[in-house]
Amino acid sequence: MSKLRVAVIGAKGRIGSEAARTVEAADDLDLVAALDKKDRLETLTEAGAQVVVDLTHPDAVMGNLEYAVGHGIHAVVGTTGWTEERFATLTGWLAAAPGTGALVAPNFSIGAVLTMRFAQQAARWFESVEVIELHHDRKADAPSGTATRTAQLIAAARAEAGRGPQHDPTTHALEGARGARVDDVPVHSVRLRGLLAHQEVLFGGTGETLTIRHDSLHHSSFMPGILLAVRTVPSVPGLTVGLEHFLDRDRTDDPAGDRTGQAGRGTGGEGD
Ligand SMILES: NC(=O)C1=CN([C@@H]2O[C@H](COP(=O)(O)OP(=O)(O)OC[C@H]3O[C@@H](n4cnc5c(N)ncnc54)[C@H](O)[C@@H]3O)[C@@H](O)[C@H]2O)C=CC1
Ligand SMILES: O=C(O)C1=N[C@H](C(=O)O)C[C@H](O)C1
């Protein structure tokens with residue numbers, strides 16, 4: 001059987017270098033290109049890449065995806081900084097490239113994916129919820145992609161359960177003291193040398209709290225998810241948001257729900 005031809009962009013970066021090594025070590029994958037800043041995107045087509053893994057920077061990812069999807073190359077995207085507008089743009093590019101798939105995964109680690117799912121399940125039962133994400137001191141974006149997605153999923157679950165806006169007693173505060181609001185969920189971002197990627201979701205109800213915490217201690221935590229994504233994306237045309245949809249592909253009840261993200265984000269491709 002021929003090997004799947006994979007390219008990594010951002011291959012000199014913290015996660016990209018680990019991803020390139022991981023692809024190279026996989027028996028069924030062929031690392032045909034490892035690009036970083038200033039390398040030509042044409043290398044992707046010249047090398048015959050079938051799947052591209054983007055682990056670059058919020059400023060770079062859209063240009064890379066426009067080229068890849070425009071040339072029918074499936075994309076696995078870990079780069080963060082996604083907005084509704086960006087998702088709409090990517091959906092448009094995918095619609096013009098039938099059969100091409102793109103997975104945007106805010107987090108490739110199984111523990112983080114489960115954190116999001118558990119938080120989504122807990123959300124309807126608690127009056128208060130706040131998210132604290134903690135990352136290394138080189139991270140460009142805040143809040144993290146994972147925290148943003150977690151807050152969006154929590155907010156959607158609260159809305160579905162008929163919960164109104166959260167009560168906030170604050171009348172006097174320094175700007176920023178209550179964090180950023182993502183769909184009415186306060187999100188606090190810590191940046192600290194020595195950390196990698198960590199998140200706590202704090203729920204509060206009458207006389208009790210629930211804390212869900214996840215820690216990525218090494219970039220190896222993201223590699224099984226990246227491998228799963230690379231192997232799966234060629235068979236899932238259109239946009240998929242969140243690794244959970246690939247983890248749940250063998251389940252008929254699809255607990256992960258709409259694979260394009262939240263209701264109203266748009267439609268996926270032919271696989272819907
Ligand atoms: N989804 C997930 O599970 C994870 C996502 N990430 C995300 O991946 C991204 C990269 O993170 P790190 O590796 O920590 O950053 P980094 O700064 O160590 O690496 C980024 C690499 O991309 C390269 N780059 C920048 N612009 C480029 C361009 N136009 N073309 C090609 N290469 C370019 C840089 O030179 C650098 O080598 C971030 O957005 C981060 O949030 C990081 C870890 C896990
Ligand atoms: O920049 C990082 O390191 C990470 N970025 C992703 C995010 O923004 O959520 C995933 C993980 O938290 C590591």
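Order of listing sets the numbers, starting from 1, for every ligand and every atom in it.
Val182 approaches Pro143 most closely through the heavy-atom pair CG2-CG, 4.3 Å. Arg124 approaches Ala157 most closely through the heavy-atom pair CB-O, 4.4 Å.
Taking only nitrogen or oxygen atoms, main chain and side chain alike, Ala105 reaches within less than 3.5 Å of ligand 1. The shortest N or O to N or O distance between His219 and ligand 1 is not under 3.5 Å.
At a 4.0 Å heavy-atom cut-off, ligand 1 does not touch Ala112 at all. At a 4.0 Å heavy-atom cut-off, ligand 1 touches Asp36 through backbone and side chain alike. Here Lys139 has side-chain heavy atoms under 4.0 Å from ligand 1, and that is the only part of it that gets that close. Contacts of Phe222 with ligand 1, taken as heavy-atom pairs under 4.0 Å, involve the side chain alone.
Side-chain contact, His198 with Glu200: no donor N or O sits under 3.5 Å from an acceptor N or O. Glu127 and His167 are not linked by any side-chain donor-acceptor pair at a separation below 3.5 angstrom, with hydrogens and angles left out of the test.
Of the listed residues (Ile15, Thr56, Val61), the one carrying the non-hydrogen atom nearest atom 9 (C) of ligand 1 is Thr56.
Listed by chain and number, residues touching ligand 2 at under 4.0 Å (heavy atoms only) are Thr80, Pro106, Asn107, His135, His136, Lys139, Asp141, Ser144, Gly145, Thr146, Ala197, Phe222.
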side-chain contact (heavy atoms from CB on, under 4.5 Å) between His214 and Ser109, intermediate numbers included: CA-CA 10 Å; His214 174 254; Ser109 90; 3.2 Å; yes
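Look at Lys139 and Asp141 and you find a salt bridge, because one of the NZ, NE, NH1 or NH2 atoms lies within 4.0 Å of a carboxylate O, short of that distance.
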